[in-house]
Each structure stands twice: as structure tokens, then as C-alpha cells.
Amino acid sequence: GLVKLEALLRWRHPEHGLISPADFIPDAEESGLIVPLGTWVLEEACRQAKLWQARHKNFRMSVNVSLLQFSHPGFFAAVINALKDSGLSGEYLELELTESIVMNQPSDVKQVLGNLQRLGIRIAIDDFGTGYSSLAYLRRYEFDKLKIEQSFISSLGEVPSAHAIVRAIIALANALNLETTAEGIETAQQAETLRQIGCMNAQGYYFGV
């Protein structure tokens, strides 16, 4: 059943319609606007999650966090304010971090993660299987979930190595008591394959309504 939604950002341009984040997020990061933009997204996601909890009691919201946003001195305060202003309990918020955040700020990450998790917030590593994918940081920090990068999922049933990699990630997560979520599910066959190899959660257009 439905347990959580991920907040996805689109820019509704008056002339060009909906613009993908791939087209404007890089500019927002380069200019520094990603910090106030990320704060706004966090606030809106928490507010919407609280509203939806009127119909779905244990509904959770997942929000992506950028490197610049996480690095900003006011990030933790922004999270606290978003929860306080919306009335959402921290246990119903999940933050998705990229591997670059963990690898680029090893001295600061542990304290910030600890502070977030003490609020009940769950921490997921997004797009696991790409980038650094270092086993060292999985041992050093206490995460809650690994999200399996969608390029592996799209190759299931077509590329044998993709199937082996997904199985290995799930086995690793199980050994470390981490949840797994497969990203980018588009077919019933992908969903069934993931169920058979033990993936706990899945998201993608296949489940859209």
C-alpha cells in the first residue's frame, strides 16, 4: 500500500509551461538560490503532509536535500521551523541525501545526521549505486534507507549485471538493517522482480494514479 510520497519540484513558467528541475536546479545551485528554494520546498512538503494526514494517519513525506542546502549553517533550524510551523511530527519526514553530501563533509555530517534523527526524521541515501557508493560511509554513519538508482531498475530483465547489482544492494542493506526503495518502476515485471528478490519498497510511474 501507499506509505510515503516524494516531493518533486516543477517550475510552472507562464510562457513555457512546466519546466523540469534538471533545467533550473543547476542554475539555482550555482547562484545560491537553492538554499531559500530548498527551505520553501521543505516547508510546503511538511505542510502538505500534515494536511494529507487527516485522511492517511501514518502518511510520510520524503524531501530531497542538496549539498549547498545541507552545508548551510541554517539548515537544521530550517528543518525545525518547517516541522513546527506545519505541526508535522519528525517521524513522518524523510530526508534524501546524495552520496556527495556524505563524502564532501565527513566532519560535519555525523553531528547533523544525529540531530535530525533525534527529531525522529529518517535519512535515506538517494541514487545508491552511482557516484561514490563507498562502503566506508555506510559503516561510519547511521542511515535508515538506501534508494536504488533507477538506471539499474530500468535494466532489470535485460542486463544480467543489473539484476546482480540490485540483489547485492538489497543483501547489503539487509545485513546493515537498512530499508531499500527501488526508484523508477515503470512496469509490472519490474515490480514483480523486485518483490521476488526482497526489495521492501518501490516508487515510480507504474504506481501513479
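Remember, it's a predicted structure, so these values are computed and weren't measured experimentally.
Checked by atom type, the side-chain pair Lys4/Gln203 shows no donor-acceptor distance below 3.5 Å. Judged by distance alone, the side chains of Asn64 and Glu6 do bring a donor and an acceptor atom under 3.5 Å apart. Gln190 and Glu186 share no side-chain donor-acceptor pair at under 3.5 Å. Using modelled atom types and a 3.5 Å distance limit, the side chains of Gln117 and Asp144 yield a donor-acceptor pair.
In this structure, the separation between CD1 on Ile125 and CD1 on Ile148 is 13.5 Å, given to the nearest 0.5 Å.
Between Phe24 and Trp11, the two ring planes are perpendicular [angle over 60°; tilted spans 30° to 60°].
Between Ile121 and Val79, the closest side-chain pair of non-hydrogen atoms falls below 4.5 Å. Looking at heavy atoms from C-beta onward, Phe128 lies out of side-chain contact with Glu149 at the 4.5 angstrom threshold. For the pair Leu9 and Ile25, the minimum side-chain heavy-atom distance is below 4.5 Å.
Formation of a donor-acceptor pair under 3.5 Å by the Ser155 side chain with backbone atoms of Phe152 is not found in this model. Ser66 contributes a side-chain N or O that, together with a main-chain N or O of Gln69, makes up a donor-acceptor pair within less than 3.5 Å.
Taking 4.0 Å as the cut-off between side-chain N and carboxylate O, Glu91 and Arg60 do not count as a salt-bridged pair.
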